[in-house]
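Written below as structure tokens is the structure these notes are about.
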Amino acid sequence: MSKKAQERIEELREKIRRHDHNYYVLAQPVISDQDYDFLMKELVKLEEENPDLVTPDSPTQRVGKDLTKEFRPVSHKIPMLSLSNTYDEEELIDFDRRVRENLPEGEWPEYVVEFKIDGASVSLNYVNGLLKTAATRGDGLTGEEITANVRTIRSVPLRLNVKKNTKYSLDDIEVRGEVFMKIKDFEKLNRERETAGEKLFANPRNSTAGTLKLQDPSLVAQRSLNLFVYSLISTEEELNSQYDNLQILRELGFNVNPEVHLCKSIAEVIDICRTLEGMRSSLDYEIDGAVIKVNSLWHQRIIGSIAKSPRWAVAFKFKAKQAFTRLNSIIWQVGRIGTLTPVAELQPVFLAGSTISRATLHNFDEILRKDIREGDKVVIEKGGDVIPKVVAVIMDERSPQSKPVKAPRLCPVCSSVLFKPEGEVAFYCENSECPAQVRGRLEHFSSRGAMDIEGLGTALINLFVKLGYLKIYPDIYELKSKRAELVKIERLGDKSIDNLLGSIEKSKEKPFHKVLFALGIRYVGSGAAKKLADHFGSIEALIAASAEEIEQVYEIGESISSSVRKFFSDEHNIHNIMKLKEHGLKFESQIVVSRNSFFDNRVFVITGTLSSLSREDASEKIMKLGGKVTSSVSKKTDYLIMGENPGSKFKKAESLGVKILTEEEFLKNLGEIN
Ligand code: IVH
């Protein structure tokens, strides 16, 4: 290996890094594309001639060749918290008051105001100046490793520009920020997908999150993702302030949003928030608010965090964006449990990063209340959620011929007569064999939060239901015996069927609480399913439980318990569960990690606020040691754990002679303090 080659390689890399920074971070290129390509070609050639000199931080190594088979879990050294939201000035003033109340006397907070970028958050770990891993936020404690994909983002430095004169060594740092897609790149991507007959992304945020989870980094590289970083964390060094950190991040070569404002009072913060909101429509990326952070990191530490969000920062959410359009018609969609939802079909209109052609109308009462009619000119709005809604009608522009909407009488899919329970606003199709319900249930079963069967989406489910392959959940697991027929279906073929059958088999590994959620029991969302699964431990125990016993589970009320009872009293459902069990799906929890003599088989109730952990975390810890947590005190309760400001449960426990544990005693038994 020649010394000269090595020197030239280093020189070229340094130049390319600088040009990448000029182009992708500063948006001020200083050479032509052609000259840049010359430098890159020379580097590629030299590295090919000297393969020993290739290093992972070389600009030629951004796009890896290997596919990511599985996104490995990464636990965040410091949790990735979320922000609580504020919507008006009063709430910001409250936030400021709380901040000041928590600071020692004589200390006055300064605030940094930034844009709240609407993308996907990532955490990057740099060790000795080199990008080591990149991870998604996940649940805040554990994310997924997406290093190969993040490396392809050209504004992400693979090697930091660590200047010798920086105050800190920054040998091991965590840098957090938001990956996003510019609106024009998102629109271009959707146009390409439309041409290719692929499903469109709802907004730039979804397309960013979807892109970060692609298995092929070379596809990610083509999608023009960007990164704005907003947080620098070092567990080794004492950094000074958010404002200084952003400056350091800039010097290290990161893309920091130019809108960073240091404010001395909440009045200044409010002013800046309004200014930032005014800039929203002129930006080429999506923002959904401003973030206000206490500047001093010392102050941040004093103020601390509660459960999932810091008390030293809040998001100020901007008002929903509105647009005007024509409501062409109202259709009724039938959901998986038979609920009819009215949907407005709109003249397509562009709003907040995407083209809208449908909006929810919630229910029939809502249509009457707002007097919405077919043919009306309407105002639509996109709030915090992706689904837009119709907020008002422009009455002045209503046609004199328009007629009020009539209540639906028959199911639009199977024509059975609809049912409207007393006191409820919704209409129901009661035919559980209605194709819309069959499709809806299967779609829910296969969806990401449930069994997560990749490849079994709306289109394929519709096709398989139509061809008679799918009707009930167990049919999914019997598809493998029909392989020979399936591969003959037009546009499917061996490869896609094998992939599908592979992901169906893989879904059998999903834990009990996901399976329980997948069953689609009314009112049993993923949170309730987890609580029920953890508490009862097996499907048999849940089937055998009475409504009262179900209601003993923390935060499970009457509507869930009666819906669960109703579900299990239908023999079709029991039959399906038994079949799924035969196919090897998990119907038992594996939450108990190690039984502990103090907690095992004992029943606990928590009251009041615990200072060192949330109730959910406390419950989880108890269950991992074999204990149970219920919501109300009864003769069966062994211990009441008492936090600050205990409620009436304390009195009841005393009267029943239930043993009381203080938070400290509880933590001691957990072995967390001595
Ligand atoms: S600070 C504890 N700053 O908003 C501090 N977050 O719910 C948490 N976000 O998950 C993050 N722009 O993905 C911060 N300038 C900004 C941000 C920002 C967007 C996202 C971030 C986070 C979510 C907060």
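Nothing fancy with the numbering, it's 1 onward along the sequence. Every number for a ligand or one of its atoms is a count from 1 in the order of the listing. These numbers were taken from a predicted model, which means no experiment stands behind them.
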Heavy-atom gap A313 to ligand 1 smaller than 4.0 Å: no
Within-cut-off N or O pair, [X] and ligand 1, under 3.5 Å:
X    : result
I117 : yes
S82  : no
S121 : yes

Within reach of ligand 1, part of [X] (heavy-atom separation under 4.0 Å):
X    : answer
E114 : side chain
L83  : both
F115 : backbone
M80  : neither

Taking all non-hydrogen atoms of both residues, which atom of [X] and which atom of [Y] are closest, and how far apart?
X    : Y    : result
V63  : S218 : CG1-CA, 3.5 Å
A290 : L276 : CB-CD1, 4.1 Å
E178 : D118 : OE2-C, 4.2 Å

Interatomic spacing from CD1 in I292 to OG1 in T86 - rounded to 0.5 Å: 5.5 Å
Lys NZ or Arg CZ of K132 over Y126 ring: under 6.0 Å, within 45°: no
Y230 six-ring face occupied by R176 cation (under 6.0 Å, within 45°): no
What is the nearest protein non-hydrogen atom to [atom], stated with its residue, atom name and distance?
atom                    : result
atom 2 (C) of ligand 1  : P310 CG, 3.3 Å
atom 11 (C) of ligand 1 : Y230 CE1, 3.8 Å
atom 20 (C) of ligand 1 : E178 OE1, 3.4 Å
atom 3 (N) of ligand 1  : K293 NZ, 3.0 Å
atom 8 (C) of ligand 1  : L81 O, 3.8 Å

CD/E454: more than 12 non-hydrogen atoms of other groups inside 6.0 Å: no
Side-chain donor-acceptor contact under 3.5 Å, S123 with E174: yes
Parallel, tilted or perpendicular: ring planes of F228 versus Y285, cut at 30 and 60 degrees: perpendicular
